Amino acid sequence: MAVELDPRLLEILACPSDDHAPLRLGTPTDPEADMLTCTSCGRQYRVEDGIPVLLLDEAIEPGVEAASDEEGAAT
């Protein structure tokens, strides 16, 4: 299911990392994912019930998603 956020909210949301880059909807491989992706560092943040979880400790690091997909395909 695609994330539905108020466009005004999306304009002000930023990655909580030091560079504070803008976020975009979805992931590079799935634009319909319930995630927000940093345009600079590539971290992905989940969206639960329409609320972005912008915690660095819970972010998915770039490349981790691809590694877990490959692992699942190998078994």
Side-chain angles (χ1 to χ4, degrees):
M1 175 173 16
V3 174
E4 292 186 25
L5 293 176
D6 185 316
R8 294 175 293 174
L9 176 61
L10 192 56
E11 285 179 20
I12 61 171
L13 286 178
C15 182
S17 69
D18 292 337
D19 61 0
H20 304 294
L23 299 169
R24 68 171 180 245
L25 295 173
T27 67
T29 58
D30 183 4
E32 297 293 315
D34 288 339
M35 305 286 281
L36 294 172
T37 301
C38 178
T39 57
S40 178
C41 68
R43 286 184 181 99
Q44 298 172 6
Y45 301 93
R46 71 183 188 282
V47 178
E48 294 183 359
D49 298 323
I51 302 169
V53 181
L54 299 178
L55 301 172
L56 285 172
D57 291 344
E58 295 191 25
I60 298 171
E61 295 292 327
V64 173
E65 178 183 53
S68 64
D69 288 346
E70 289 173 10
E71 189 176 294
T75 56

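If you're wondering where the values come from, they're calculated on a predicted model, not measured in any experiment.
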Next item on the list: Calculate, to the nearest 0.5 Å, the distance between atoms SG and NE2 belonging to Cys41 and His20 respectively.
Entry: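 Between atom SG of Cys41 and atom NE2 of His20 there are 11.0 Å.
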Mind listing the closest non-hydrogen atom pair of [X] and [Y] along with its distance?
X	Y	value
Gln44	Met35	CB-CE, 3.5 Å
Ala33	Thr27	CB-CG2, 4.0 Å
Pro52	Leu13	CG-CD1, 3.9 Å
Thr37	Gly26	OG1-O, 2.6 Å

Note to self: Please enumerate all residues that pass side-chain contact (heavy atoms from CB on, under 4.5 Å) together with Pro16, with sequence neighbours excluded.
What the structure shows: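 Pro16 satisfies side-chain contact (heavy atoms from CB on, under 4.5 Å) with Tyr45, Leu54, Leu56 only.
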Using the side chain to side chain donor-acceptor pair (under 3.5 Å) criterion, which residues pair with [X]? Sequence neighbours excluded.
X	result
Arg43	Glu61
Thr39	none
Asp49	none

Close side-chain approach of [X] to [Y], heavy-atom, < 4.5 Å:
X	Y	answer
Ser40	Cys15	no
Arg24	Pro31	no
Val47	Leu25	no

Next item on the list: Output every pair passing side-chain hydrogen bond (donor to acceptor under 3.5 Å, both in side chains) with a member in residues 6-17, not counting sequence neighbours, ordered by first then second residue.
Entry: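 Those involving residues 6-17 are Asp6-Arg8, Ser17-Asp19.
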Check: Do Leu23 and Leu9 share a hydrophobic cluster, counting only Ile, Leu, Val, Met, Phe, Trp and Tyr and linking them when any side-chain heavy atoms are less than 4.5 Å apart?
Finding: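 Same hydrophobic cluster.
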Note to self: If hydrophobic clusters are built from ILVMFWY residues whose side chains come within less than 4.5 Å, do Ile12 and Leu36 share one?
What the structure shows: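 Yes, Ile12 and Leu36 fall within the same hydrophobic cluster.
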